[in-house]
2 protein chains.
Amino acid sequence: MSKRINSKDVAREAGVSAATVSYVLNETKSVTISKETREKVLAAVQKLGYVPNQAAKTLGSSRIVGKSKSNLIGLVIPQTESGKELMFDNPFYGDFLSAVEYAARQEGFHLLVSGVNADQSYIDIAKNRSLDGIIILGMYPSEDNKEYKQIGIPTVLVDCYGTDHFFHSVRTDDRYGGYLATRHLIQHGHKRIAFVSGEVKESGVTDMRFLGYQDALREARIPYDPNLVFTGYVGYQYGIEAAAKIAQGNAGITAAFAAADIIAVGMIKGFRNLGLRVPEDISIIGFDDIYQAEICDPGLTTIRQNIKEKGNAVAKIIVSAAKNSTFPKTEIVIPLEIVERESVRNL
Amino acid sequence: MSKRINSKDVAREAGVSAATVSYVLNETKSVTISKETREKVLAAVQKLGYVPNQAAKTLGSSRIVGKSKSNLIGLVIPQTESGKELMFDNPFYGDFLSAVEYAARQEGFHLLVSGVNADQSYIDIAKNRSLDGIIILGMYPSEDNKEYKQIGIPTVLVDCYGTDHFFHSVRTDDRYGGYLATRHLIQHGHKRIAFVSGEVKESGVTDMRFLGYQDALREARIPYDPNLVFTGYVGYQYGIEAAAKIAQGNAGITAAFAAADIIAVGMIKGFRNLGLRVPEDISIIGFDDIYQAEICDPGLTTIRQNIKEKGNAVAKIIVSAAKNSTFPKTEIVIPLEIVERESVRNL
DNA sequence: TAATTCTATTTAAGCGGTTAAGTAAATAAT
DNA sequence: ATTATTTACTTAACCGCTTAAATAGAATTA
C-alpha cells in the first residue's frame with residue numbers, strides 16, 4: 001500500500017512550507033499568499049491527488065478551546081426502548097435527512113447520523129467526534145442533565161416544544177395546523193368531530209395539534225367533548241381500531257381529525273372494512289402529507305409541511321452557527337398548508 | 001468554557017502515564033495491565049467525565065499505514081443530476097439506514113451518511129475521514145477510475161450487479177424475485193403477463209427482475225412478447241400511465257408484474273380511474289413490499305425482501321472487515337418471499 | 001546465585017495538520 | 001535616508017492520542 005500523501009509532500013512538491021499549504025487550502029484570512037504561490041500549491045495538490053486528513057485538521061485546530069473544525073454535523077434521533085431498530089420509522093425522516101444532508105454538504109460539512117438511547121448521551125458523541133454542530137430530532141434535552149447547556153456547540157432542536165429557549169429551534173406550527181385541520185372540517189358543516197392521535201405527551205407535537213383542535217372548536221363555539229377524543233399510538237393498525245370504536249359508538253361523529261396521516265389512512269381502511277365509506281359516511285383529515293396520503297383511496301385531505309424547506313432551514317442554521325459563533329439564536333416555524341383531496345365533504 | 005479533559009488529566013488523576021490510560025481504555029492485547037491500575041484508571045475516567053477525542057485517536061493510530069481507526073463507517077448514496085436533493089426518495093432506504101446504523105453502533109461505530117455526485121468521489125470522503133469502511137448503495141465503482149481498487153478499506157456494495165468481484169456485496173436475488181412473481185401469476189392461470197418497470201439499465205436491479213420474468217415465461221413455455229413490456233420510470237404516476245396504456249391496448253393482458261411496488265400501486269389507481277377492477281379485471285403483483293403495499297386497496301401481492309436483515313448483513317460485514325483485515329470477501333444474497341394479499345386472483 | 005523471562009509500566013516519538021510568532025524583503029511614511 | 005509598515009512567507013510548538021521501545025522489578029530457570 002502506497003504511503004498516504006500529506007501536506008508536507010504537497011509543500012515539497014510546490015517548494016513551500018506546510019504552513020503555506022494550509023493557508024492556501026483554507027484561504028486563511030489573516031495571512032496573505034501571493035497568487036503565484038497559491039497556484040503552485042494548488043497545482044501540487046492536483047498533481048499528487050492530495051486529500052487532507054480530517055482527523056489531523058480537527059486535532060490541529062482544537063488548540064483554541066472550543067474552536068475545533070471537524071466539519072461534521074451530528075444528527076441524533078432518540079430511540080425508544082421498544083423500537084430500537086426503527087429509527088426512521090417515520091417515513092418522512094428520510095426526506096428530512098436528505099434535505100439536511102444535501103444542504104450541509106454544499107457547505108462542506110458531512111453528516112453523522114446516530115440514534116441515541118437513554119444510556120448514552122449525544123453530548124458524548126459531540127465531544128468524541130468534535131462535532132461542529134448537532135441536530136436533535138424530536139427530543140428535548142433533559143433539564144436535570146446539567147451538562148446540556150455546556151455542549152458548547154451550535155444545537156438545533158427539531159420539533160421540540162420545550163419551554164427553555166436556549167437552543168436554536170425549527171418546528172412546524174403544529175397547533176396552528178391542528179386548528180387549520182379542524183376548522184376545515186367545521187367549514188364543511190361538521191360539528192361532531194373526533195380527534196384521533198397517538199399518545200398525547202405534554203408539550204409534544206401531538207399535544208400541540210390537540211390544542212389546535214380545541215382552538216378551532218372554541219372559535220366555532222362548539223363545546224369540547226372528551227368522548228370524541230381517541231388516543232392510541234401512531235400507526236396504521238391503530239387507525240383501524242379507532243375507526244371501529246368510532247363506528248361502534250353512537251356519539252354522532254361525522255368527521256375525524258387524525259393527528260397523523262398514518263392513522264388517517266388506517267381509519268379509511270377500518271371504516272371500509274366496516275362497510276362505511278369515506279367521505280360519504282364520515283370525513284377524515286390527516287396531518288403530515290406523507291406519501292401514502294396521495295396514494296390511498298380516497299385521497300387524504302391533510303395538512304402539509306414542507307419537509308425539504310424544514311431540512312434546509314435546519315442545515316442553514318447549523319452551518320451558519322458553526323461558521324460564525326456570533327450567530328444569534330434562531331427559531332423558525334415552518335408554514336403549513338392544507339392539501340385538499342377527497343376524504344372530506346360537506347355535511 | 002472549561003478546558004476539555006484529556007487522557008493526561010485522567011493519567012494524572014489515576015497516578016499513571018497517559019499510555020497506561022490508553023492501554024486500559026482500548027484493552028490493548030499486547031500489553032498487560034494489573035487489575036488495580038485498570039480500576040484506578042476507570043475510576044478517574046468516571047470521576048472526570050472523560051470522553052476520548054476521536055480525532056486524536058484516529059490520527060494517533062494512523063502511524064501504521066492503512067491502520068487508522070476512526071470508528072466511522074461511510075454510507076454513500078449516488079445522486080443523479082436530476083434529483084439531487086432526493087437521496088432517500090426510495091422509502092425503504094430509511095429502513096435500511098436504520099438497520100445499518102443500529103447494528104454498527106452496537107459495535108462502536110458511527111455512521112457518516114453522504115450523497116455523492118459525479119464530481120466528487122467517495123474515495124475522497126474515505127481518505128478525508130479515514131473511514132474504517134464504506135457502504136456503497138446501488139452504484140458500481142466505475143472501472144475507468146483506477147483508484148477504485150485502492151480504497152484500501154473494507155467496501156461493501158449493496159444492490160450492485162457489477163461483473164467484478166473485488167468487493168463484498170449484499171443484494172437480493174432480484175432475478176429470482178422476478179421469476180417468483182411471474183411464476184405466481186402463471187400459477188394463477190395467467191398467460192398474457194405485462195412487465196412494467198422503470199428504465200432497464202444493464203446489470204441493474206430492474207434488468208435482473210426482467211430476466212427473472214423471462215425465466216418464468218420460458219419455464220412455462222409461454223413465448224416472450226415485447227409488446228407486453230412497458231418501461232417508464234419508477235413512480236406512482238408512471239403506474240397510472242402504464243395502466244392506461246395496458247387498458248387501451250388490446251394485447252389480451254390479464255395480469256401485470258410491476259418491478260416496483262410504487263408502480264404497482266399507481267397501476268391499481270390507474271385501472272380504477274378507468275373503471276377496471278383489481279384483481280377482478282386484472283391481477284397485479286409488485287416488488288419490494290413497501291409500506292404502501294399493505295395499505296393500498298386491494299392489498300398488493302408482492303415480493304418482499306427483509307430490509308432489516310439486509311441492513312444487519314451489511315453492518316456485520318463492514319464491522320467484521322473493519323476489525324479484522326483478513327476477513328474474506330463475502331457475498332450475501334438476501335432471500336425473498338412472496339407476500340400474498342388481494343391483488344392477484346385466478347384467471 | 002546469575003542469567004533469563006515475564007509482568008507492569010513509562011518514555012518519547014510520531015500521526016498530519018493548524019496557527020502564533022518570527023523573519024526578510026518590499027513598500028510606505030517621516 | 002531612516003524608520004515604520006506591509007507583504008509573503010517560514011519556523012516550530014502544539015492538538016490528544018497511539019505504540020514501539022526502554023525500563024525496572026518480580027518470578028522463573030539454569
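Given the structure is predicted, the values throughout are model-derived calculations rather than measurements.
Under the side chain to side chain contact (heavy atoms under 4.5 Å, CB included) rule, A:Val113 has a single partner from A:Leu97, A:Val76, A:Ile73, which is A:Leu97.
Residues from residues 38-47 of chain A lying near DNA chain D, meaning a heavy-atom separation below 4.0 Å, are absent.
Among the heavy atoms of the strands lying under 4.0 Å from B:Thr37 are primed sugar atoms or P, OP1, OP2 only; no base atom is included. Using a 4.0 Å heavy-atom cutoff across all strands shown, B:Thr32 reaches at least one base atom of the nucleic acid.
The span of DNA chain D lying next to chain B, judged by atoms under 4.0 Å from heavy atoms, is bounded 5' to 3' by D:dG16 to D:dA20.
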Going 5' to 3' through nucleotides 10-17 of chain C and flagging B where a protein heavy-atom sits under 4.0 Å of the base, S where only the sugar-phosphate is that close, and - otherwise, we get BB-BBBBB
Less than 3.5 Å apart, which donor and acceptor atoms pair up between the side chains of residues 51-59 of chain A and the rest of the protein, not counting sequence neighbours?
from    : atom 1 : to      : atom 2 : distance (Å)
A:Asn53 : OD1    : A:Ala55 : N      : 2.8
A:Asn53 : OD1    : A:Ala56 : N      : 3.1
A:Gln54 : NE2    : A:Thr58 : OG1    : 3.1
A:Gln54 : NE2    : A:Lys69 : O      : 3.0
A:Gln54 : NE2    : A:Ser70 : O      : 3.3
A:Lys57 : NZ     : A:Asn26 : OD1    : 3.4
A:Thr58 : OG1    : A:Gln54 : O      : 2.8

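Contacts of B:Lys323 classified as salt bridge (charged side-chain N to carboxylate O under 4.0 Å, His left out), with partners at least two apart in sequence or in another chain: B:Glu107. For the salt bridge (charged side-chain N to carboxylate O under 4.0 Å, His left out) test, no residue two or more places apart in sequence or in another chain qualifies with B:Lys8.
With respect to B:Asp9 and B:Arg12, a salt bridge is recorded, a charged nitrogen being found less than 4.0 Å from a carboxylate O.
Distance, A:Glu27 CD to C:dT18 P: 13 Å, rounded to whole Å.
Remark: side-chain polar atoms of A:Glu101 are paired, donor with acceptor, to backbone N or O of B:Gly115 under 3.5 angstrom.
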